[in-house]
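This report refers to the structure that appears directly beneath it.
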Amino acid sequence: MEFRFFLLVYIVVVAGFSAFAQPTHGDAPYDILIQHGRIIDGTGNPWYVGDIAITDGRIVAIGKNPGGSAKRVIDARGMVVAPGFIDMLGQSETALLIDNRSVSKLAQGITSEITGEGGSIAPQNALTIAAAQPSLDPYHLKIDWSTLDEYWQRLAKKGTPINIGTYVGAAQVREAVLGDVNRAPTAEELEKMKALVAQAMQQGALGISTALIYPPGHYAKTEELIELAKVAARYGGIYATHMRSEGQNEVAAVREALRIGQEAGLPVEIFHLKVSGKSRAGKMIEIVRMIQEARDRGQDVTADMYPYLAGATALASSLPPWVADGGLNKLLERLRDPAVRQRIKTEMSATGERTWENLYLDAGGAPGVMVASVVNPDLKQYTGKTMAEIAQAQNKDPLDALMDFVLADKGLSGALYFIASEEDLQTGLRQPWTSIGLDANELSLDGPLFEPHTHPRAFGSMPRFLGHYVRDLQLAPLEQAIRKITSLPAQRERLVGRGLIKEGFFADITIFNPDVIIDKATYTQPAQLAEGVSYVLVNGQVAFENGKATGAMAGKALKGQGAK
C-alpha cells in the first residue's frame, strides 16, 4: 500500500514536470522565452532563478528549462525579472492622443498607468470642452468624444504602448452639469451628476476621484462627494482623492477622506501623500498614524506617493480658489483689476489660519516656486527659473510677477513647488500600504509634448525609488519594494491578471539590473531617461529595449468591475 502511494506521487510529480516541459499550446514555439533571470514575482516572496515562457500575450510557463523552442529568447542573466510597474497616478489620458511614444514611462519599467485626478477624460460636453480645449489647441487636439466608451475607441485607434485605466472625476461631472460656478448643485443637478458617474462606471471607470484644492473640485461639499461615491461603490469602484489639504488643514482633510469612504461604503486611495509646508516638517508621523489607525479599525485605505520633495501643478493654482470662480477667463479678468490683485496679494501673504491650500507660502514664497512649462513662446526663457529670479529680472514685486506671468501665459503655465521634507518622504515610503504614482503624463525627449524643465518625477520616479531609496538607503527589501509597485496597485484597482509573475497572467514584465537602476533626472535637468531598465514587455510584446521604445502599441484599456 505504501509502495503504491509513493508510486502515485511519483507519477503525479513527473507528469507535472512533463506538462511544464512542453509548450501548453501544442508544438508551436513560444513567442518569447526569458531565461536565467532572478524572478521577483510581485508577491513579496524571496526571488528565485527561473525561466518564463510567453505566448499570445500571456505567461504560459514558469520554471527551469521549459521544453520547446521560442521565436525570441531574452537572456536575463544577472537581472531581475519583475511584473511591469504600475503608475498609480499618471496624467497621460490626453497626452497619448498627442504623442503616444511614452518613452518616459517605458524607460522606468512602467507598463500600466491609472489616471483621472478629479478631472477626467470623460464625460465631455460643451461646458467641459470650453474649459479644457484652450490647453489642447496648441497641440491641435480636438475633444471629439463625450463618453468614456468613445474615448476608449479613440485611444484604440491611435494606439498606446502602455495599459491605461481611469477614474471618473467628481470635478468633471460637476463641471459637466454646473460649469465652473461656486455653489451647491440642486437636487435635480445632483441626480444628473450621479447618472454621469454611473455611466462612466458602466464603461470601465475604476472609481471616482477628487482633486479638492483645485476649482471647480474645491467647491464641492463633503455631502455632495459622498452621494457621488455611493454610485461608484455600487459598481465595485474606489474613492481616490487629492485631499482638500496637504498642508495646514491636512488632519481635517484625512478625516474627510475617511468619512467619504465610510459613508459611501468603498475603499479610499489618497493621491500623492505628502506633508506640505516647510513649517510642518516631521508631521508625516501623525498622518501615517491616522491612516494606520483607520486600517486597524477595519477601513480599507491606502495611499500613493512620488519620491521627490517638490510638487507640481499649474502656476495659477497658487492663487486663492475664489479667483477661478466662473472659469479661466474670469480668473484672467480678475488679475487685470488692481483692487482684486491687492486682495489676492494680501491673502497669499497671510500666515494665519486659512481654508485653502496656499502653495506659494507652503513652498516658502517666491524662491520655492519654479516655472516648469509655458505655452507662450515668448516666456520660454523663464522655464527653470524661480519666481524670485523672474521678479528680480523684471524688477517687480514677486506676487505681481507671478500674476503677470499667469496673465501672459493665459493661465497655462506649469510650476514646481518645493514643499516637502526628506524625513516625511521616507516615513511615507516605508509604509506597507503606500505605492508609487508619478503624477505626470507620458513624455518623449522631443516632439510636441517635450518640456525641458518638467518635473523630474516624469522621468525618474520608479528608478529613484528602487535605486536611491531601496538599494542605497535600504528603506525596504527589494522584494517588498517590487510588491509596492506591482501587485499592491493591481490589487487596489482590481486589475485581474496583472501585477504578478504567474502562469495565465498577462505578460507585463520589466527586466532591470538591480545594481544599476537609478534616476538621472534632476530639477535643473529633468529630461533625462533613467538607467538600468533593459527590457519592458507589455501584453507579451517588447515595448522597450536597449534604451529605446520599439514602437509596439500593445497597451490595453484597464476597465473596472462595472464595465459591461
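Each residue takes its place number in the sequence, starting with 1. These numbers come from the heavy atoms of this one structure, side chains and all, not from hydrogens, waters or symmetry mates.
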- Task: Could you pull out the closest heavy-atom pair between Leu466 and Ala481, with the gap in Å?
- Result: CD2-CB, 3.9 Å

- Atom OG1 in Thr147, atom CG in Asn125: separation rounded to 0.5 Å? 12.0 Å

- Message: Taking Leu212's backbone N and O only, do any of them form a donor-acceptor pair with His218's side chain (distance below 3.5 Å, no angle check)?
- Response: yes

N/O donor-acceptor pairs under 3.5 Å from side chains in residues 265-272, not counting sequence neighbours:
{"from": "Glu269", "atom 1": "OE1", "to": "Thr302", "atom 2": "OG1", "distance (Å)": "2.4"}
{"from": "Glu269", "atom 1": "OE1", "to": "Arg492", "atom 2": "NE", "distance (Å)": "3.4"}
{"from": "Glu269", "atom 1": "OE2", "to": "Asp304", "atom 2": "N", "distance (Å)": "3.3"}
{"from": "His272", "atom 1": "ND1", "to": "Glu246", "atom 2": "OE2", "distance (Å)": "3.1"}
{"from": "His272", "atom 1": "ND1", "to": "Lys274", "atom 2": "NZ", "distance (Å)": "3.4"}
{"from": "His272", "atom 1": "NE2", "to": "Glu117", "atom 2": "OE2", "distance (Å)": "3.0"}
{"from": "His272", "atom 1": "NE2", "to": "His242", "atom 2": "ND1", "distance (Å)": "3.3"}

- Lys NZ or Arg CZ of Arg464 over Tyr308 ring: under 6.0 Å, within 45°: yes

- Task: Before giving the answer on salt bridge (charged side-chain N to carboxylate O under 4.0 Å, His left out), spell out for Asp99 and Arg101 the whole-Å C-alpha distance, their side-chain angles and the decisive distance to 0.1 Å.
- Result: CA-CA 6 Å; Asp99 181 353; Arg101 289 174 288 169; 2.7 Å; yes

- Message: Keeping Ser487 on the side-chain end and Gly42 on the backbone end, is there a donor-acceptor pair under 3.5 Å?
- Response: yes

- Message: Using the side chain to side chain contact (heavy atoms under 4.5 Å, CB included) definition, which of the options Thr111, Ile40, Thr486, Thr43 pairs with Pro83?
- Response: Thr486

- Message: Pairing donors with acceptors under 3.5 angstrom, does anything connect the side chains of Tyr235 and Gln202?
- Response: yes

- Message: Whether the side chain of Lys230 engages the backbone of Glu263 through a donor-acceptor N/O pair (distance < 3.5 Å, no angle test) should be reported.
- Response: no

- Query: So, Ser209 and Tyr239: side-chain donor and acceptor under 3.5 Å apart, yes or no?
  - Reply: no

- Item | Ile260 and Thr210, any side-chain heavy atoms less than 4.5 Å apart | no

- Item | Exceeds 12 heavy-atom contacts within 6.0 angstrom, atom NZ of Lys502 | no

- Message: Side chains of Leu558 and Arg498, heavy atoms from C-beta outward: is any pair under 4.5 Å?
- Response: yes

- Message: I'd like to know if the side chain of Gln299 reaches the main chain of Leu258, judged simply by a donor and an acceptor atom lying under 3.5 Å from each other, with no hydrogens or angles considered.
- Response: yes

- For the residue pair Glu191 and Glu188, establish whether any side-chain heavy-atom pair is separated by less than 4.5 Å. no

- Task: Verify, without hydrogens or angle tests, whether Thr434 (side chain) and Gly428 (backbone) share a donor-acceptor contact under 3.5 angstrom.
- Result: yes

- Query: Is there a donor-acceptor pair under 3.5 Å between the side chain of Arg494 and the backbone N or O of Gly236?
  - Reply: yes

- Item | Expected output: side-chain Asn163 to main-chain Lys556 donor-acceptor under 3.5 Å | yes

- Item | Distance, nearest 0.5 Å, that separates CD1 of Ile436 from CG of Asp87 | 9.5 Å

- Message: Under a 3.5 Å cutoff, is there a donor and acceptor pairing between the side chains of Asn249 and Arg255?
- Response: no

- Message: For a 4.5 angstrom cut-off between non-hydrogen side-chain atoms, does Leu155 reach Leu96?
- Response: yes

- Query: Under 6.0 Å from the CD atom of Gln491, do we count more than 12 heavy atoms belonging to anything else shown?
  - Reply: no

- Residue pair Phe512 / Val81, side-chain heavy-atom distance below 4.5 Å: no

- Over all heavy atoms of both residues, which pair between Leu127 and Leu178 is shortest? Give the atoms and the distance, please. CD1-C, 4.4 Å

- Message: More than 12 heavy atoms of other residues, nucleotides or ligands under 6.0 Å from NZ of Lys330: yes or no?
- Response: no

- With a 3.5 Å cut-off and no angle check, do the side chains of Glu93 and Thr115 form a donor-acceptor pair? yes

- Query: With a 3.5 Å cut-off and no angle check, do the side chains of Glu493 and Tyr167 form a donor-acceptor pair?
  - Reply: yes

- Message: Whether the side chain of Gln199 engages the backbone of Leu196 through a donor-acceptor N/O pair (distance < 3.5 Å, no angle test) should be reported.
- Response: no

- Task: Output yes when a side-chain donor or acceptor of Asp362 lies under 3.5 Å from a complementary backbone atom of Ile419, and no otherwise.
- Result: no

- Task: Provide the closest heavy-atom pair for Pro185 versus Met193 in the form atom of the first, atom of the second, distance.
- Result: CB-SD, 3.9 Å

- State, to 0.1 Å, how close Gly411 and Ala316 come at their nearest heavy-atom pair, and which atoms those are. O-CB, 4.3 Å

- Are side-chain heavy atoms of Trp356 and Ile213 found at a separation under 4.5 Å? no

- Message: Checking the side chain of Gln133 only, and the main-chain atoms of Leu141 only, is there a donor and an acceptor separated by less than 3.5 Å?
- Response: yes

- Task: Indicate the atoms forming the closest heavy-atom contact of Gln480 with Gly44, along with that distance.
- Result: NE2-O, 3.5 Å

- Establish, from distance only, whether the side-chain atoms of Trp145 and Gln153 form a donor-acceptor pair under 3.5 Å. no

- Query: Any idea which heavy atoms bring Met462 and Ile86 closest together, and the distance?
  - Reply: CE-O, 3.5 Å

- Message: Any heavy-atom pair between the side chains of Thr550 and Phe544 that's under 4.5 Å?
- Response: no

- Query: Between Asp439 and Gln91, is any side-chain donor less than 3.5 angstrom from a side-chain acceptor?
  - Reply: yes

- Note on the structure: Sorted by chain and number, sequence neighbours left out, side chain to side chain donor-acceptor pair (under 3.5 Å) with Asp424 holds for Ser421

- Task: Check Glu357, Glu256, Glu250 against Arg244 for a salt bridge (Lys or Arg N to Asp or Glu O under 4.0 Å) and give me the one that passes.
- Result: Glu256

- With the side chain counted from C-beta on, respond yes when Ile114 and Pro489 share a heavy-atom pair under 4.5 Å apart, and no when they do not. no

- Task: State whether Phe505 and Arg58 meet the cation-pi test: NZ (Lys) or CZ (Arg) under 6.0 Å from the six-membered ring centroid, and within 45° of the perpendicular axis.
- Result: no

- Decide yes or no on side chain to side chain contact (heavy atoms under 4.5 Å, CB included) for Asp519 and Phe459, but give the supporting numbers first. CA-CA 7 Å; Asp519 60 310; Phe459 286 92; over 6 Å; no

